[in-house]
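Everything on this sheet refers to the single structure shown next.
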Amino acid sequence: NAGVTQTPKFQVLKTGQSMTLQCAQDMNHNSMYWYRQDPGMGLRLIYYSASEGTTDKGEVPNGYNVSRLNKREFSLRLESAAPSQTSVYFCASRDPGTGVNEQFFGPGTRLTVL
Amino acid sequence: ELKVEQNPLFLSMQEGKNYTIYCNYSTTSDRLYWYRQDPGKSLESLFVLLSNGAVKQEGRLMASLDTKARLSTLHITAAVHDLSATYFCAASQGGSEKLVFGKGTKLTVNP
């Protein structure tokens, strides 16, 4: 049971390049999330998906798109990267059944945009 | 709109001392979460507090929730170096899918 996995772990992009961050979970969770973490800012929600086939904007969605490919996978795409998108990106999934609503986090992707 | 504030943001303490981190939230929240993050690592769940008066303890850490005051505390007892990390609280509102995080408290425990 790997939990939440993310690829890649590190990435350097030039301004204007595109890339997709991948996230997968094997815990049979319905809900999945993408956050970014910047120094002194805590975690801010970019997009989330309450179930397969649905996605919704979070606090900071501009410049990003997402795809909920199936129940396991939720990807984050940067179409034209900007230096302001330099950050650490975390994917998370949520346990649906216990009522606790605890979120479990992946290891993160460190992205630098030059 | 739910907002979460933590204080202090930075905390340097000596081994063996006690201290408390505070987490205030702005509107009614039905759940409060505490996470730990080590440098360069992901977030690890510490506590989930589900009701007013809830108290949970794990080792030298104890978390409590006062929903009337909209306040959660994370109390550290007899700190040790291994507790050095950043601690985040997060709240959710009314069954919302979304968590709102505080900015984190960076704790450094000095020998």
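Below, all heavy atoms of this structure are taken into account, side chains as well, without hydrogens, waters or symmetry copies. A note on names: the letters A, B, ... follow the listed sequences, proteins ahead of strands, and every chain is numbered from 1. As the structure is a computational prediction, the values presented were derived from the model and not from experiment.
A/Tyr35 has its side chain within reach of B/Leu99: a pair of non-hydrogen atoms, C-beta onward, lies under 4.5 Å apart. Between B/Gln37 and A/Phe90 there is a side-chain heavy-atom pair separated by less than 4.5 Å.
Proximity to chain B at a heavy-atom threshold of 4.5 Å picks out A/Gly106, A/Pro107, A/Arg110 from residues 106-114 of chain A, in numerical order.
A continuous path of ILVMFWY side-chain contacts below 4.5 Å connects A/Val88 to A/Tyr33, so both sit in one hydrophobic cluster. Cluster annotation: A/Phe105 and A/Met32 are assigned to distinct hydrophobic clusters (Ile/Leu/Val/Met/Phe/Trp/Tyr, side-chain heavy-atom contacts under 4.5 Å, transitive). No single ILVMFWY cluster, assembled from side-chain heavy atoms under 4.5 Å apart, contains both B/Ile76 and B/Phe88.
The number of heavy-atom neighbours closer than 6.0 Å to CZ of A/Phe104, taken from other residues, nucleotides and ligands shown, is above 12. Heavy atoms from other residues, nucleotides or ligands lying under 6.0 Å from CD of A/Glu79 number more than 12. The number of heavy atoms from other shown groups lying within 6.0 Å of NZ (A/Lys71) is above 12. Within 6.0 Å of CE in B/Met62 there are 12 or fewer heavy atoms belonging to other residues, nucleotides or ligands.
Taking each heavy atom of A/Glu102 and B/Tyr35 in turn, the nearest pair found is CG-OH, 4.4 Å.
There is no contact between B/Glu44 and chain A, counting heavy-atom distances below 4.5 Å.
Separating the CZ atom in B/Phe101 from the CD atom in A/Glu59 is a distance of 11.5 Å, to the nearest 0.5 Å.
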Which donor-acceptor pairs under 3.5 Å do side chains of residues 39-50 of chain A form with protein atoms, sequence neighbours excluded?
unit_1: A/Arg44; atom_1: NH2; unit_2: A/Asp38; atom_2: OD2; d: 2.8
unit_1: A/Ser49; atom_1: OG; unit_2: A/Ser51; atom_2: O; d: 2.9
unit_1: A/Ser49; atom_1: OG; unit_2: A/Thr54; atom_2: O; d: 2.6
unit_1: A/Ser49; atom_1: OG; unit_2: A/Arg68; atom_2: NH1; d: 2.7

